2 protein chains.
Amino acid sequence: MSRFIEIVEVGPRDGLQNEKALLDVDQKLTFISRLEAAGAKRMETVSFVNPKRVPQMAGAEEVMEGLPTAAGRSRIGLVLNMKGWERAVAARCDEANVVVCATDGFGIRNQGANTAEQMAALAAIAARRDAQGGPPISATFSVAFGCPFDGEVSQDQVVALAREAASLNIAEIALADTIGVADPWTVRARVEAVKAAIGDKKLRLHFHDTRNTGLANAYAGVEAGVDILDASCGGLGGCPFAPDATGNIGTEDLVYMLERAGFSTGYDLPGLISTAKWVSDLLGKPPTSSVARSGLFPA
Amino acid sequence: MSRFIEIVEVGPRDGLQNEKALLDVDQKLTFISRLEAAGAKRMETVSFVNPKRVPQMAGAEEVMEGLPTAAGRSRIGLVLNMKGWERAVAARCDEANVVVCATDGFGIRNQGANTAEQMAALAAIAARRDAQGGPPISATFSVAFGCPFDGEVSQDQVVALAREAASLNIAEIALADTIGVADPWTVRARVEAVKAAIGDKKLRLHFHDTRNTGLANAYAGVEAGVDILDASCGGLGGCPFAPDATGNIGTEDLVYMLERAGFSTGYDLPGLISTAKWVSDLLGKPPTSSVARSGLFPA
């Protein structure tokens, strides 16, 4: 049997969050249901941030309320702090993805808290879950390969954070190349070091295609033994630090690369491509993923 | 010392050949001189095809005539047949790149000759050079990872062609993913098989980013021991079989990925980026390479 790679769809969260156009709750629900029909089993559907600061993510509770129950589907809510956790629990998210910035510079500017404060919040959330229950927790370290404010981020720094997170009762740890600066050699080295530090915790990778290295980094991660990758339908999402740049790696590009090499992903490529075109039309822009423009091979 | 990867700039040939807008001889000369100033040591500068069929490549002799002599620079002319070879010799190209289509379907439609006829032409050119002299020959197998007409191209087929070419007195063999369908796992396997078949001949790889796998394929090739890669400044060049798709992997994207990982390339990234923007302006389109849009990291 072919090796299965789990692709977590992040279009409705990281994708839409970085688009100028706003989708309303009904449009988001349609987007999510199209993605699930195209094969998405785990998806970041909402973000429990302040809608005054991030208007693209408004209506998180309404989106979760509007989603039909579906066995075998996990709808993930992004969480930055205890208030976000409480909202995610109340909204019945299947998982909570707690984001911790790997650098103080990014953390203070992006979330108003330095890395140590965010690690403390992660630990408090995990403790609250231990005491009161709640969905499984994934911890994502943003800017884990480079920071627009603090510059280079060392492997030691990332490994130390991952090791600390792994000591908590959480299900999964993720490294995110938030601004798309990683190269595949660094990815491979960093994945191997983090895997050695986190024992049997699951490891997920999150790449942006800002400098066109996204799929190379994904390939390097898979070669280093990672089985879980984020991607965004249509390559949605830009980069606030590089206004003309592209966003997350496109789900259809990643699925194409993996399935052409014989991996299975559970996604339906034609369905992904039509969804990428549909959402790009809604947003008034062409898809930035490549496969949505080039078509498949063999046709 | 860091490992050196030789990047052959193909913007003036494969790049411009697939653009709608035409550059005149003076514009081409400026483009080439800017690329050499940015570090290009080997470059496909011209193509000796029929300018009635490929108007973008008109003026090959004038371009070669207009280039200032420069020690340590190799200006490569693309050649499809004996007539092209004779033109390349007369124009004093430093190298001739003879293209052979790996499939009959592509060969007949693109060059009016099947693969066996093109291999015979390659052998005849190599024999003519043995007898009368001329520049070193590189043989490039196009559609070596998939063909828009014949579909899948087997590794055995490519290995057999490479082995046959290696029996000739030529300097280098290249595999080209002309329509951008390769995945990095296939690249790695195919490179290893071809290397085993061609002995000590140099091996070069040529990737297109049509389905966003170009840099992943380049990474896989470098990991498999290849030290020579083609790329096109600005990601110039589209794909005639996928009208909305992007073209060759961008030189600045490839340089970014390699140099960020500690390889040396001899290129100057800011110079490449400004040249990518300059030529894209001339062609009336934004650069399709990512680094020309996103900027560098660290800045």
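Lettering follows sequence order; numbering is per chain, from 1. As the structure is a prediction and not an experimental result, all values here were calculated from the model.
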**Message:** Assess the residue pair B/Asn212 and A/Asn212 against the criterion (side chain to side chain contact (heavy atoms under 4.5 Å, CB included)); give the C-alpha distance rounded to whole Å, side-chain angles, the decisive distance to 0.1 Å, and a yes or no.
**Reply:** CA-CA 8 Å; B/Asn212 206 11; A/Asn212 207 10; 3.3 Å; yes

**Prompt:** Which bit of B/Glu252 is near chain A, if near means a heavy-atom gap under 4.5 Å: side chain, backbone, both or neither?
**Reply:** neither

Say whether, by atom type as modelled, one donor and one acceptor occur between the side chain of [X] and the main chain of [Y] under 3.5 angstrom.
{"X": "A/Arg260", "Y": "B/Pro184", "result": "no"}
{"X": "A/Tyr256", "Y": "B/Val181", "result": "yes"}
{"X": "A/Arg293", "Y": "B/Thr210", "result": "no"}

**Asked** Quick one: are A/Asp253 and B/Thr213 in side-chain contact, heavy atoms under 4.5 Å?
**Response** no

**Asked** Which one, A/Thr186, A/Thr246, A/Asp209, leads in non-hydrogen pairs under 4.5 Å with chain B?
**Response** A/Asp209

**Complete:** chain B shares the most heavy-atom pairs under 4.5 Å, among A/Ala220, A/Ser289, A/Pro286, A/Gly235, with A/Ala220

**Request:** Measure distances from A/Ile179 to the heavy atoms of chain B and classify the residue's part below 4.5 Å as side chain, backbone, both or neither.
**Result:** side chain

**Asked** By a 4.5 Å heavy-atom criterion (distance strictly below it), what part of A/Phe263 contacts chain B: side chain, backbone, both, or neither?
**Response** side chain

**Item:** Winner by heavy-atom pair count (cut-off under 4.5 Å) against chain A, out of B/Pro148, B/Gly180, B/Cys147, B/Gly262
**Value:** B/Cys147

**Message:** Determine whether B/Tyr219 and A/Val187 satisfy the following criterion, side chain to side chain contact (heavy atoms under 4.5 Å, CB included), listing intermediate values before the conclusion.
**Reply:** CA-CA 12 Å; B/Tyr219 167 62; A/Val187 168; over 6 Å; no

**Prompt:** What heavy-atom pair brings B/Ala261 and A/Asp183 nearest, and what distance separates the two atoms?
**Reply:** CB-OD1, 3.2 Å

**Request:** Identify the heavy atoms of B/Gly295 and A/Arg211 that sit nearest to each other, and give their distance.
**Result:** O-NE, 2.8 Å

